[in-house]
Trainee: 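Once you've had a glance at the structure underneath, I'll fire off some questions.
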Amino acid sequence: MPPPIEFQVRRRTLLAGSAAAAVSAGFTGKAGAQSGATPAGSETTTVSLTVNGEAREVTVDNRTTLLDALREHLQLTGTKKGCDHGQCGACTCSVNGNRVNSCLSLAVMHDGDEIETIEGIGTPEAMDPMQTAFVENDGFQCGYCTPGQIQSARSVIEEIRAGIPSHVTGDLTAEIAITDEEIRERMSGNICRCGAYSNILAAITQVAEESA
Amino acid sequence: MQFNEPAGTNLFDSATIVGKDHTRIDGPLKVTGAAPYAYERHDVVEGQLYGYPVGATIGHGTITAMDTEAAKAAPGVRAVVTTLDIDPLELGMNNVARLFGGSEVMHYHQAIAVVVADSFEQARAAANLITVSYEEGEAVDYSLDAAFERMEGTGEPDTQYGDMEAAFSDGAVTIDQMYHTPGESHQMMEPFASIVDWSDGGDLTGWISNQMINWTHGSLATTLGINKERVRIESPYVGGGFGGKLWLRADTVLAALGSRAAGAPVKLALPRPMMMNNATHRSATVQRIRLAANPDGSLRGISHENVSYCLPGGRGENATAQTPLFYASEAMHVKNHLAEMPLPETADMRAPGEAAGLMALEIAMDEMAEALEMDPVAFRLANDTQVTPSNPDMPFSERHFAECLEQGAEAFGWDSSRPAPGSRREGDWLIGQGVAGAFRGALALPSGARAAIENGKLVIETDMTDIGTGSYTILAQTAAETMSLTMDDVEMRLGNSAYPVSSGSGGQFGAVSSSTGVYAACMALREKIAQQLGLEEATFADGQVGSGNERQSFLELDVEAVDSIQWGDFMGEFQKATFGAHFVEVGVNVYTGETRVRRMLAVCDAGRIINPVTARSQVIGGMVMGVGAALSEDMALDTGRGMFANHDLASYEVAVHADIPEQEVIFLDTLDDVASPLKAKGVGELGLCGVAAAVANAVYNATGIRLREYPLTLDLMLDQLPEV
Ligand code: FES
Ligand code: FES
């Protein structure tokens, strides 16, 4: 099964986005040189988002990441900031059904988008199956990487079922099996310094099997 | 409560909750994003502003000028405080480098300014506008090898007994090698973060991320020069620490100074790229180990010298920590050296000492087994001891190292015939097995708690923290067990300086100390309840109290008790420690030298395991950190600038999902009645101890290439791989 067209497009968008981010990062040390420049337009933007099914409007500094819009403006602090540089996965949340590192995306790029955060997935009283599986399998310790792991875990099962290949997929034309190797590979953008990896794998496998 | 004699039979021997699996009671909060970490406390105080730090960009020297004009004029900025604005702050407990104040730069990324603004983006942008002039310190020789050469053989040995010269002569089988371990960074997932309200410069409240509430409470008061009574800190959820959050750090100090300057509460997190050089880390080590053995495998001599670096007055990494206690030997010489260097501060990281020490010693043991043509498991068994090697009058309270090795070998399918290195191949992969011993001391500290019946619940308050270790759950288990209640009857409140002082979380002492503190408070509560009800000889069972057949519930009472555990002198007659054995199987790619860990097993002898679920997680987490230490973690020193160059999570490589294979943990059901009333010790650091050496030994078994330098990267192996 070929990967869905929509996915290919998004990959390209993402690549272009990260290249731009890398270039601008090279200049941050010289911010002083820009201090005299007048901004070309307004420094803030009002963005309409649907967050966990609810319409929300936020006025943010144009430099505000989606992550900080969620954590600081909407006070949805379940999505974590581990590095702010796309290196750890703690900020993983879902945008229009795809997982993203929300620290690598500016809030102003998301006008009209549907965002789902960990708070939208379940509550302590009514947990989603993946959240329950993480508790049952002790798939965390300090809990700081956990919302990101859970967001990625849910997406990984969907991505495999949608036929999106990974680095370890052997046969690109066959149906992709949900194996330990596939899960580990696809989860590798989510660091857990507490080292709960094998318990996280058990939790994901449990949910995949239950929902098969 | 005094612990003045071995525990004897007590209620934990017939426990129904302690020692049993229990999922984390804080789990539902953590998996739903509802557990609030330090930076996330929007609810605690109105009008929070954002702080952003500036770090020094020289390794050491003096700041001659700072220009903050542009920063102060930048949009949204409320305050700028530079290190030149204030006198050097007092050092807090175990702080070696000054956290702020004055013109001296002791290390790279030392905090030198804080900018406070209405938004995070504004604070960050303004921080970038500050320009700094320095006078750089003299060039420094950062070579730890050179320091070792200079210092070897100098100073009084830390341990010295027997005739070393004789041990290494007359037909002894000997090995003599140098070992290198790199600097390692905690890199806990939650950055150092604080919200501090010191708006009026009077009472201070801090919502911080910290392992040791009492120490940090005192340090914050000392550093800011205010009375401890005026300071309160909270740290109910901590996103990992690993020793990095034992002490007061710059985030809290900067937030406090920023708050006072701006007259409003300030939140500040250290940016990830600043964590490695601003905060503490595990020093690199250079170690020389010499072993001498009789042909039957019994050790005649052990010599272990180590050097690590630290700032003047610092502690470095004592990689010899385990050596005087681990293996029997006729003679021994142990010496730890410290080389002063102007580098970021070195301090405790998970299993400080043993983690780096066993990375070397357990390779040396493997090398000696090979020189003796012995199975490395059998060689270790031959040198087990039940007493302190340097002092046979001091026995171990409990030591089941031999069982760890034997049960582990059995469960792992250890091949004691030891096929020749490089002889097992599957496809492109050379397969090898390695073993290493694990040792870590079992410290206990005084620890207190308050136990109360409030609104039909048993409430436990203690300043103990849960840094992922499972404190919430194991303390609730201890309380429920002691009061004969259920887990649902218990409400835990942790991590607040308003609560009784506990041991805090560190050094593998947290579980044993704080569980005993809670036990003490609950026993005191039982007495209060009996008094209030006028009962003599009261017994507690099934949630009821009474004597004889008269029984009643006690959850309607209004009663409280505070107590703490004090550890008796009798414990000093024993050596207390935890033991383990790690078994690892690796594949090494025959073309590229890439190492992949295929499976791992740990067997742990750590006293009663209070909760096998959370304890197992501690151990597998240690094993994961051990894989990182073996294969990828390496703080890369820029010797020109005296800083660590790979200071983020993209370039300091910790283990990820794809690196971690099947892991198994076996807990020996050992009870140590000298260790605590629960007969428990600790396990959080044991899981890391020895893992990296087991990987290195497995790589040797797979390839015949003996690496004595971590991480075990493929460039070290490429020119030595067997012909294909
Ligand atoms: S916070 Fe976004 S990847 Fe780390
Ligand atoms: S649970 Fe602590 S980092 Fe994953």
Trainee: Is there a donor-acceptor contact under 3.5 Å from the side chain of B:H657 to the main chain of A:C192?
Mentor: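 No, B:H657 side chain to A:C192 backbone: no donor-acceptor pair under 3.5 Å.
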
Trainee: May I ask you to test the A:Y144-B:M188 pair for a side-chain heavy-atom distance under 4.5 Å?
Mentor: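 Sidechains of B:M188 and A:Y144: no contact.
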
Trainee: CZ of B:F120 to CG of A:D61: how many Å apart, nearest 0.5 Å?
Mentor: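 Rounded to the nearest 0.5 Å, the CZ-CG separation comes to 11.0 Å.
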
Trainee: What parts of residues 122-130 of chain A touch chain B if we use heavy atoms and a cut-off under 4.5 Å?
Mentor: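 Counting heavy atoms that sit under 4.5 Å from chain B, the residues of residues 122-130 of chain A involved are A:G122, A:T123, A:P124, A:M127.
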
Trainee: For B:A655, does its backbone N or O pair with a side-chain atom of A:Y197 as donor and acceptor, under 3.5 Å?
Mentor: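 Pair found, side chain donor or acceptor close to backbone of B:A655.
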
Trainee: Return the option, out of B:M275, B:Q122, B:E633, B:E662, with the maximum number of heavy-atom pairs under 4.5 Å with chain A.
Mentor: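 Sorted descending by pairs with chain A, the first entry is B:E633.
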
Trainee: Name the region of A:I200, side chain, backbone, both or neither, that has any atom closer than 4.5 Å to a heavy atom of chain B.
Mentor: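 Just its side chain gets close to chain B.
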
Trainee: Specify which of A:I118, A:V135, A:V60, A:D138 makes the most heavy-atom pairs with chain B at under 4.5 Å.
Mentor: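 Sorted descending by pairs with chain B, the first entry is A:D138.
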
Trainee: Which answer fits B:V613, side chain, backbone, both or neither, if we ask what part of it has an atom under 4.5 Å from a heavy atom of chain A?
Mentor: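 Contact with chain A involves both backbone and side-chain atoms of B:V613.
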
Trainee: Counting heavy-atom pairs under 4.5 Å to chain B, which of A:G78, A:C83, A:S188 comes out on top?
Mentor: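 Between A:G78, A:C83, A:S188, the count favours A:S188.
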
Trainee: Taking A:R184 for the side chain and B:I660 for the main chain, is one N or O donor matched with an acceptor at less than 3.5 Å?
Mentor: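 It does hold such a pair.
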
Trainee: Where on B:Y472 is there a heavy atom nearer than 4.5 Å to chain A: the side chain, the backbone, both, or neither?
Mentor: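 No part of it gets close to chain A.
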
Trainee: Could you have a look at A:R186, A:E136, A:Q149, A:R71 and say which one has the most heavy-atom pairs with chain B under 4.5 angstrom?
Mentor: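 Ranked by heavy-atom pairs under 4.5 Å with chain B, first place is A:R71.
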
Trainee: I'd like to know if B:E184 and A:R193 make a salt bridge, using a cut-off of under 4.0 Å between side-chain N and carboxylate O.
Mentor: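 No.
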
Trainee: Check each atom of B:V31 against the heavy atoms of chain A and say whether the ones under 4.5 Å are side chain, backbone, both or neither.
Mentor: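 Both parts, backbone and side chain.
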
Trainee: Among residues at least two apart in sequence or on other chains, which ones pass ring-ring contact (aromatic ring centres under 6.0 Å, His included) with B:F242?
Mentor: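 Counting only residues at least two positions away or on another chain, B:F242 forms no ring-ring contact (aromatic ring centres under 6.0 Å, His included).
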
Trainee: I'd like to know which of A:V168, A:N137, A:I191 tops the heavy-atom pair count under 4.5 Å against chain B.
Mentor: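 Option with the top pair count is A:I191.
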
Trainee: Take A:E72 and B:K267, measure what side-chain contact (heavy atoms from CB on, under 4.5 Å) needs, and give me the verdict at the end.
Mentor: CA-CA 11 Å; A:E72 304 304 326; B:K267 60 197 292 190; 2.6 Å; yes

Trainee: Do the non-hydrogen side-chain atoms of A:K81 and B:P191 ever get within less than 4.5 Å of each other?
Mentor: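 No, every pair of side-chain atoms sits at 4.5 Å or beyond.
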
Trainee: Most heavy-atom pairs under 4.5 angstrom with chain A, which of B:M623, B:R124, B:H186?
Mentor: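 Looking at each option in turn, the highest pair count goes to B:H186.
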
Trainee: Please identify, among B:G27, B:S119, B:A658, B:G687, the residue contributing the most non-hydrogen atom pairs under 4.5 Å to chain A.
Mentor: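 The answer is B:A658.
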
Trainee: In Å and rounded to the nearest 0.5 Å, what is the CE to SG distance from B:M189 to A:C145?
Mentor: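 One finds 6.5 Å between CE of B:M189 and SG of A:C145.
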
Trainee: Between B:P273 and chain A, with a heavy-atom cut-off of 4.5 Å, which part of the residue counts as in contact: side chain, backbone, both or neither?
Mentor: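 For B:P273, the side chain is the part near chain A, not the backbone.
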
Trainee: Of the backbone (N, CA, C, O) and the side chain (C-beta and beyond), which part of B:Q48 lies under 4.5 Å from a heavy atom of chain A, both, or neither?
Mentor: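 Contact with chain A involves no heavy atom of B:Q48 at all.
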
Trainee: Return the CZ to OG distance between B:R616 and A:S198, rounded to the nearest 0.5 Å.
Mentor: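 If we round to the nearest 0.5 Å, B:R616:CZ and A:S198:OG are 5.5 Å apart.
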
Trainee: Near A:Q75 CD, under 6.0 Å, is it more than 12 heavy atoms from other residues, nucleotides or ligands?
Mentor: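 Count over threshold, so yes.
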
Trainee: Name the option with the most non-hydrogen atom pairs under 4.5 Å to chain B; the candidates are A:D68, A:T64, A:I121, A:T117.
Mentor: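 That would be A:T64.
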
Trainee: Locate the shortest heavy-atom distance separating B:G621 from A:Q141; write the atom from each residue and the value.
Mentor: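 Residues B:G621 and A:Q141, closest heavy atoms: CA-NE2, 4.2 Å.
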
Trainee: Please classify the contact between B:A35 and chain A as side chain, backbone, both or neither, with a heavy-atom cut-off of under 4.5 Å.
Mentor: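 Looking at B:A35, just its backbone touches chain A.
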
Trainee: side-chain contact (heavy atoms from CB on, under 4.5 Å) between A:H85 and B:L649: does it pass, once the steps are laid out?
Mentor: CA-CA 9 Å; A:H85 287 67; B:L649 283 169; over 6 Å; no

Trainee: Tell me, for B:D648 versus chain A, whether the close heavy atoms (under 4.5 Å) come from the side chain, the backbone, both or neither.
Mentor: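 Both parts, backbone and side chain.
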
Trainee: Quick check against the 3.5 Å criterion: does A:T146 have a side-chain atom that pairs as donor or acceptor with the backbone of B:K30?
Mentor: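 No, the answer is negative, given that no donor and acceptor are paired below the 3.5 Å cut-off.
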
Trainee: So, A:D84 and B:R272, do they make that salt bridge, N to O below 4.0 Å?
Mentor: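 No, this pair does not count.
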
